[in-house]
There are 2 protein chains.
Amino acid sequence: MYQKKIPELLDCGLAVAIKVVGGKWKAWVIDCIRRGVRRPSAIHREMQAVNPRIVNLHLKELEEIGIIYKEIFAEVPARVEYRLTPVGQSILPVMEAMEQWGNENKEYINRHQAGYAPGNCALLQETN
Amino acid sequence: MYQKKIPELLDCGLAVAIKVVGGKWKAWVIDCIRRGVRRPSAIHREMQAVNPRIVNLHLKELEEIGIIYKEIFAEVPARVEYRLTPVGQSILPVMEAMEQWGNENKEYINRHQAGYAPGNCALLQETN
DNA sequence: CTGGATAGGGATAAATTTATCCCTATCCCT
DNA sequence: AGGGATAGGGATAAATTTATCCCTATCCAG
C-alpha cells in the first residue's frame with residue numbers, strides 16, 4: 001500500500017466526504033453494495049470496465065475507514081459479503097444529492113468545458 | 001495544460017459533482033468566492049498554505065466549467081474578481097451537505113483509518 | 001486431472017493531480 | 001530607480017491514484 005508523504009488534512013468535513021466518495025470508482029462500489037451486490041465477484045462482474053485490482057483497493061479502503069464491513073462466511077467455497085455500516089448508509093443521501101445536482105447540470109458543465117468525451121456510466125442510475 | 005489520455009466519463013451525475021468539488025482545494029476556492037473573497041490576491045492570501053499556482057489552476061478550471069466567472073475591471077491597477085455563476089451557486093447546498101456529513105463523521109472516519117495526521121482546514125467553517 | 005469460480009495481493013507502469021521555482025508585465029509609491 | 005502589489009503562466013518535479021500483468025490458494029464439477 002502506498003504511504004502518503006504529505007499528511008492528509010481531514011479536519012475539514014468536506015475533505016472527509018471527498019475521501020469517501022471522491023475516488024474514481026468508489027461511489028460506484030458503494031452503490032453496488034447499497035443495491036445488494038455484495039460479493040466481490042459480483043461487484044467485479046457489474047464493474048466490468050474497471051480493473052478488479054482497483055476495485056479491491058477501493059473495497060479495502062472503504063472498509064478501513066468504516067464505510068463498509070466484510071463478512072466472511074465459513075462456508076465451503078469461502079464466501080465474502082460486504083455491507084454498508086451505519087455510517088456508510090448515512091452518506092447515501094449526500095451521494096444522492098451529488099448525483100442529482102450532477103444530473104441536472106451535466107449538460108451545462110460539459111458544454112462549458114472542452115475535451116468532452118462521451119462515455120457510459122450507469123452509476124446510481126437506478127437510484128429510487 | 002495537461003491533456004487527458006483516458007477520456008473522462010461525465011455521464012454520471014456523481015462524477016460531474018466530483019469534478020467540481022473533488023479537487024484537493026477546489027471546494028475551498030469556491031467557498032472563498034461564496035463568502036466574498038473574490039480577488040485572486042485575496043484568495044491567495046486566505047489560502048496561504050496552498051501554492052498560488054495551484055489556486056490559479058483551480059480558478060481556471062472552475063471558470064472553464066462554468067462554476068465561476070471572471071470580471072476584469074478596466075481600472076488603473078487591473079482588477080479582477082471572480083463570482084459564482086447561478087450553477088455555481090446551485091452547488092452550495094450540496095457542498096454544505098457534504099461538509100455537514102463530514103463534520104458529523106470525521107472522528108469516526110479518522111478513528112477507523114491509520115495514518116491520521118491532524119491539520120488545519122478552515123474550509124466552510126463559518127458557513128451559516 | 002483440467003478448468004473455472006472464489007478471494008486476494010505483489011510488482012510495476014501509466015496517468016493525473018499537486019507542488020516548486022521562476023519569469024513576464026503593468027502600475028503605484030517613495 | 002527600486003520595491004511592492006496586481007494578475008498570470010512555463011517548465012519541471014513530486015506525489016498520488018489508476019491501470020496492467022500475473023501469481024497464490026481453495027474448492028467443485030466433469
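All chains are named by letter (A, B, ...) in the order of the sequence lines, taking the proteins before the strands, and each is independently numbered beginning at 1.
- Scored by the side chain to side chain donor-acceptor pair (under 3.5 Å) test, B/Q89 finds no partners at all (sequence neighbours excluded).
- Applying the side chain to side chain donor-acceptor pair (under 3.5 Å) rule to A/R79 yields the partners A/E75, A/E81; only residues at least two apart in sequence or on another chain are considered.
- In summary, contact between chain A and DNA chain C, defined as any nucleotide atom under 4.0 Å from a heavy atom of the protein, begins and ends at C/dT6 to C/dA11 in the 5' to 3' direction.
- In this structure, A/H58 reaches the sugar-phosphate backbone alone: every heavy-atom distance under 4.0 Å involves primed, P, OP1 or OP2 atoms, never a base.
- With sequence neighbours excluded, no residue forms a side chain to side chain donor-acceptor pair (under 3.5 Å) with A/Q48.
- For the pair A/Y2 and A/V50, both in contact range of DNA chain D, the more 5′-proximal nearest nucleotide belongs to A/Y2.
- Looking at heavy-atom distances under 4.0 Å, A/I54 makes contact with a base.
- Not counting sequence neighbours, the partners of A/Q100 by the side chain to side chain donor-acceptor pair (under 3.5 Å) test are A/E104.
- The residue among B/L59 and A/L57 whose nearest nucleotide of DNA chain D lies closer to the 5′ end is B/L59.
- Among the duplex regions that DNA chain C forms, those built from at least three successive Watson-Crick or G-U pairs under 3.5 Å are C:1-30 with D:1-30, ordered by first number.
- The side-chain contact (heavy atoms from CB on, under 4.5 Å) test with A/R34 singles out one residue from A/I91, A/I68, A/L84, and that residue is A/L84.
- Looking at heavy-atom distances under 4.0 Å, A/R79 makes no contact with the nucleic acid at all.
- The structure places CG of A/L14 at 5.5 Å from CD of B/E99, a figure rounded to the nearest 0.5 Å.
- Residue A/K70 is classed as a sugar-phosphate contact, given heavy-atom separations below 4.0 Å to backbone atoms only.
- Remark: A/K19 engages A/E61 in a salt bridge, criterion side-chain N to carboxylate O under 4.0 Å.
- Residue-level contact check: A/F73 touches neither bases nor backbone, having no heavy atom under 4.0 Å from any strand.
- Separating the CH2 atom in A/W25 from the CG atom in A/D31 is a distance of 13.5 Å, to the nearest 0.5 Å.
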